[in-house]
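Side chains included, hydrogens not; waters and symmetry mates left out as well; all remaining heavy atoms used.
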Amino acid sequence: MAQQGFMGRLRRWFSGPSDTYFFGLQIAIKCFGEDTVRARFAHVLEDERQADEDVQEKHRFLRRFMALLDENALFWTYGYWDYLDDPEATTAEFNSWANDIEGSMAAVEEELGTQVDDVRRTSSRKDYVVVTLIFLLDQPYAPAEAITHEDAYFLKETFSALVRGLTSIDPRTIQADGAYIVPGNAADGLSEDDLLGPGWEYLRLLL
């Protein structure tokens with residue numbers, strides 16, 4: 001299930017072109033065969049899809065999403081994040097993440113059945129839910145800029161700081177954003193073998 005929103009499109013007539021920053025975060029959450037975690041994230045995304053596209057609703061969405069992630073922090077198992085401040089690379093990176101995730105998910109009703117909805121998954125075991133957030137921002141993402149030592153990149157405390165910083169994002173600075181939940185439907189699933197196999201090699205064990 002996915003939801004994308006686009007805000008901050010009004011041109012800033014007096015400030016000229018804005019800088020663009022990319023921030024992407026992906027976390028695999030252990031859910032022990034239950035669909036409850038996926039369903040709760042899916043509910044938040046559905047509410048976002050139906051809401052008016054305004055600053056208050058976007059801020060509310062980020063707070064709700066952060067709260068769900070924080071609530072499940074004990075079960076964060078694998079993860080990955082990236083942050084770019086090169087204007088020539090940021091949009092390409094955003095599109096790369098979005099296209100890769102959307103290409104791996106069931107997107108039409110005919111795909112939402114009892115079959116596994118992508119070749120990247122080898123079973124329908126419901127061991128994990130993968131949550132992804134991506135942003136193009138007009139201003140730096142301070143929590144990501146604060147991570148300067150490679151040894152800290154894949155620590156749970158680092159991911160906690162990155163997640164909790166979501167509520168500090170000013171929705172007016174969001175050029176584009178995307179939120180995704182894999183698997184995309186209740187019948188599908190992600191197993192441990194899936195996450196250790198092709199297509200997910202970049203994920204790192206969170207320590």
Side-chain angles (χ1 to χ4, degrees), residues 1-5 24-51 57-81 97-98 100-135 154-167 169 177-197 199-200 202-207:
M1 185 171 185
Q3 174 67 29
Q4 288 199 36
L25 175 78
Q26 189 169 71
I27 300 176
I29 303 171
K30 183 80 170 178
C31 54
F32 304 99
E34 299 288 340
D35 186 60
T36 306
V37 174
R38 189 209 65 83
R40 294 179 67 192
F41 278 106
H43 178 68
V44 173
L45 291 185
E46 181 63 18
D47 285 350
E48 164 72 358
R49 185 183 68 83
Q50 296 177 359
E57 287 296 336
K58 180 61 68 176
H59 187 62
R60 181 171 179 268
F61 165 72
L62 291 174
R63 289 184 65 87
R64 292 179 69 192
F65 220 82
M66 182 280 289
L68 270 181
L69 283 169
D70 197 44
E71 181 181 323
N72 288 279
L74 184 63
F75 308 110
W76 297 354
T77 307
Y78 302 100
Y80 188 80
W81 67 279
W97 279 55
D100 186 57
I101 297 167
E102 291 173 6
S104 74
M105 297 171 65
V108 296
E109 183 177 356
E110 287 75 15
E111 294 176 320
L112 302 180
T114 58
Q115 300 300 313
V116 177
D117 69 9
D118 180 67
V119 295
R120 288 170 63 179
R121 298 196 281 287
T122 59
S123 77
S124 57
R125 287 178 55 90
K126 298 177 176 64
D127 297 330
Y128 290 92
V129 168
V130 176
V131 178
T132 306
L133 288 166
I134 54 175
F135 298 92
F154 299 103
L155 298 178
K156 282 192 175 183
E157 63 186 70
T158 296
F159 276 70
S160 292
L162 294 172
V163 167
R164 290 173 182 169
L166 294 175
T167 57
I169 293 177
D177 66 298
Y180 303 89
I181 306 298
V182 179
N185 67 89
D188 197 4
L190 277 169
S191 69
E192 182 88 25
D193 287 344
D194 290 328
L195 293 182
L196 296 176
W200 301 97
Y202 57 87
L203 289 177
R204 299 284 296 272
L205 181 67
L206 301 184
L207 304 174

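D127 approaches S191 most closely through the heavy-atom pair OD2-CA, 3.5 Å. For the residue pair D194 and W200, the shortest heavy atom distance occurs at O-CD1, 3.1 Å. Scanning both residues, A28 and V130, for their nearest heavy atoms gives CB-CG2, 4.0 Å.
Looking at residues two or more places apart in sequence or on another chain, you find no side-chain hydrogen bond (donor to acceptor under 3.5 Å, both in side chains) involving N72. Not counting sequence neighbours, the partners of Y78 by the side-chain hydrogen bond (donor to acceptor under 3.5 Å, both in side chains) test are E192. By the side-chain hydrogen bond (donor to acceptor under 3.5 Å, both in side chains) test, R204 is found to be paired with no residue, residues two or more places apart in sequence or in another chain being considered.
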List, one per line, each side-chain donor-acceptor pair under 3.5 Å for residues 155-163, sequence neighbours excluded.
from	atom 1	to	atom 2	distance (Å)
K156	NZ	W76	O	3.0
T158	OG1	A152	O	2.4
S160	OG	K156	O	3.1

Sequence neighbours excluded and cut-off under 3.5 Å, please list the side-chain donor-acceptor pairs for residues 59-69, or say none.
from	atom 1	to	atom 2	distance (Å)
R64	NH1	D47	OD2	3.1
R64	NH2	D47	OD2	3.2

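Residues W97 and Y180 have side chains not in contact (no heavy-atom distance under 4.5 Å, counting atoms from C-beta outward).
With L133 as the partner, the side chain to side chain contact (heavy atoms under 4.5 Å, CB included) test is satisfied by one option alone out of D177, L166, I27: L166. With respect to V129, the side chain to side chain contact (heavy atoms under 4.5 Å, CB included) criterion is satisfied by exactly one of D35, T36, I181: I181.
Every pair passing salt bridge (Lys or Arg N to Asp or Glu O under 4.0 Å) that includes a residue from residues 69-80 is listed here, sequence neighbours excluded: R40-E71, D70-R164.
A donor-acceptor pair under 3.5 Å is formed between the side chain of K126 and the backbone N or O of A186.
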